[in-house]
Amino acid sequence: MAQPELADFERDSNHELVLVAEIDGEIAGFISFYRLENFIHLLFVSPKHQRCGVGHALIEAMRQQATAPMTLKCVTTNENALIFLPA
């Protein structure tokens, strides 16, 4: 699988609200949100900062922008994401 590039992110998150989490000046994670559909498009937490509350903080911050329940989809082989997401 090819590694994503910054240009991929810029293209894929065009017209979306993007929030970035920083810890000690380092990017810990980010989230992009398509407001028209209340859809979390991209959610990433760096491996170094996983299980530290970064993902939950990003989702809670984005929840303030939502006008209805938010949705997101997850690749079924992404075990870390499946553990993170509530049932």
Side-chain angles (χ1 to χ4, degrees):
M1 174 187 256
Q3 293 296 315
E5 299 289 332
L6 182 56
D8 298 327
F9 175 76
E10 290 175 354
R11 180 196 64 235
D12 292 345
S13 63
N14 192 29
H15 302 295
E16 295 178 353
L17 175 61
V18 176
L19 298 178
V20 177
E22 290 186 29
I23 297 176
D24 297 328
E26 182 178 348
I27 294 177
F30 62 83
I31 189 169
S32 70
F33 182 66
Y34 185 58
R35 289 182 184 174
L36 295 177
E37 294 183 10
N38 290 293
F39 178 67
I40 297 172
H41 181 209
L42 301 168
L43 174 61
F44 171 80
V45 177
S46 73
K48 177 180 175 180
H49 296 99
Q50 290 177 1
R51 295 175 181 76
C52 297
V54 173
H56 287 286
L58 287 166
I59 288 174
E60 285 304 312
M62 204 55 81
R63 198 179 307 267
Q64 303 302 313
Q65 302 297 319
T67 58
M70 298 184 300
T71 61
L72 77 133
K73 51 185 175 174
C74 177
V75 177
T76 57
T77 57
N78 186 341
E79 293 178 11
N80 286 337
L82 294 173
I83 291 167
F84 170 75
L85 296 173

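Computed from a predicted model, the values in this text were never measured in an experiment.
Looking at N38 and T71, their side chains never bring a donor and an acceptor atom within 3.5 Å of each other.
The structure places CD of E60 at 12.5 Å from CG of L19, a figure rounded to the nearest 0.5 Å. Atom NE2 of H49 is separated from atom CD1 of I23 by 4.0 Å, given to the nearest 0.5 angstrom.
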Kindly determine whether I59 and I40 satisfy side-chain contact (heavy atoms from CB on, under 4.5 Å), including the steps that lead there.
-> CA-CA 9 Å; I59 288 174; I40 297 172; 4.2 Å; yes
Derivation and outcome, salt bridge (Lys or Arg N to Asp or Glu O under 4.0 Å), residues E26 and K48 | CA-CA 11 Å; E26 182 178 348; K48 177 180 175 180; 3.1 Å; yes
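A heavy-atom distance below 4.5 Å is found between the side chains of Q65 and F33. Between L58 and L43 there is a side-chain heavy-atom pair separated by less than 4.5 Å. Side-chain contact check for F30 versus L42: some heavy-atom pair is nearer than 4.5 Å.
Proximity of a side-chain donor or acceptor of Q50 to a complementary backbone N or O of V45 within less than 3.5 Å is detected.
Across every non-hydrogen atom of H15 and Y34, the tightest pair is O-CD1, 4.3 Å. The two residues M62 and L17 come nearest to each other via the heavy atoms SD-CD2, 3.6 Å.
Linking Ile, Leu, Val, Met, Phe, Trp and Tyr whenever their side-chain heavy atoms come within less than 4.5 Å puts M70 and V54 in one cluster.
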